[in-house]
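We're numbering straight along the sequence, starting at 1. Order of listing sets the numbers, starting from 1, for every ligand and every atom in it.
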Amino acid sequence: MPRTLDPELRSSLAARIRYYNEMGIYDFYRRETPGEVAALAADAAEPDAVAEPIQPESRTEMSARKDAAVEENIFEVLATKPEQGVSDPAKALKIIREDLGDCTRCPLHKQGRKQIVFGVGNPSAELMFVGEGPGADEDQQGEPFVGRAGQLLNNMIKAMGITREQVYIANVVKCRPPGNRTPEREECETCSPFLMRQIAAIKPKVVVALGAVAAKNLLAMSASMAQLRGRFYDFKPTGMRSNDPDWDGCKLAVTYHPAFLLRDPRQKGEAWKDLQMVMRELGLKPQKA
Ligand code: SF4
């Protein structure tokens with residue numbers, strides 16, 4: 001039996017979803033049972049408001065169908081991301097960058113960033129690297145992994161038999177945390193929907209998370225690097241649908257952040273094992289010495 005929400009609640013819900021869209025969050029899940037729908041409606045209204053019970057539809061069959069369609073559309077239309085339907089990954093990335101704009105969504109925008117560091121590389125890359133956040137060199141140049149850690153990452157990529165231009169590189173947060181501190185949870189949660197959209201646009205075969213912050217944010221799990229490394233995870237960008245129905249997510253591997261490897265070069269052998277696992281997955285041959 002079709003049901004409708006109170007028009008006021010529906011309007012509050014639509015306003016809330018618009019607010020999330022402005023934050024870069026586009027995908028939502030619609031709960032099906034009457035009790036759950038009521039809970040969702042309550043959440044969309046003022047925090048202290050009490051959800052009105054959903055009343056059985058009492059209008060004509062035709063208007064009931066129309067109202068049900070309006071409710072569907074609240075989710076379907078507002079949940080559509082601007083790049084949805086754009087099959088060219090380069091164009092989709094451009095749209096995501098434009099949507100990000102001169103972002104002030106999290107506190108990092110007012111903590112000394114020079115510029116937003118969006119991401120760089122091949123929009124159709126099979127391999128994508130995701131780090132934690134920009135450092136001083138990256139903030140200065142507007143490109144991820146360009147300092148000493150970036151040079152080491154370049155060498156790691158070269159050792160895999162490919163070039164930096166063939167992969168795509170991005171970070172969980174796009175603005176430099178002051179003093180290179182670890183980004184706060186709120187900052188990661190606010191910024192990472194844009195990273196998820198980048199991954200869904202690029203549709204790589206493998207994502208390599210560089211370091212614990214990237215791994216924990218991408219996988220939404222907390223574990224030590226020893227527990228996270230050494231295996232593949234099935235990965236789908238959270239809350240995203242790719243434009244390509246044939247792309248059903250990718251593999252994700254975790255390895256050490258190059259900055260950590262600069263501090264503890266003894267771990268380079270372990271990182272190389274992780275990259276060899278990725279190379280086998282992608283059919284890559286190591287560069288001859
Ligand atoms: S880190 Fe991300 S969410 Fe925060 S201000 Fe920069 S671009 Fe916006």
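Looking at Glu138, its side chain does come within 3.5 Å of a backbone N or O of Val146 through a donor-acceptor pair. Remark: side-chain polar atoms of Arg229 are paired, donor with acceptor, to backbone N or O of Glu270 under 3.5 angstrom. One N or O on the side chain of Asn122 and one on the backbone of Ser124 form a donor-acceptor pair closer than 3.5 Å. Counting only distance, with no hydrogens or angles, the side chain of Glu143 and the backbone of Gly119 share no donor-acceptor pair below 3.5 Å.
Taking backbone and side chain together, Cys175 holds an N, O or S atom under 2.8 Å from atom 6 (Fe) of ligand 1. Distance check for Cys106 against atom 4 (Fe) of ligand 1: an N/O/S atom falls below 2.8 Å.
Using a 4.5 Å cut-off on side-chain heavy atoms (C-beta onward), Phe260 and Met225 make no contact. Side-chain contact between Val206 and Glu126 is absent, with no heavy atoms from C-beta onward closer than 4.5 Å.
Atoms of ligand 1 found under 4.0 Å from any heavy atom of Arg113 (numbered from 1 in listed order, with element): 5 (S), 6 (Fe). Near Lys174, meaning under 4.0 Å from any of its heavy atoms, are these atoms of ligand 1: 1 (S), 7 (S). Which parts of ligand 1 touch His109 is read off a 4.0 Å heavy-atom cut-off, strictly below it: atoms 5 (S).
Looking from atom 8 (Fe) of ligand 1 to the surrounding protein, the closest heavy atom is Cys103 SG, 2.2 Å. Nearest to atom 2 (Fe) of ligand 1 among the protein's heavy atoms is Cys191 SG, 2.3 Å.
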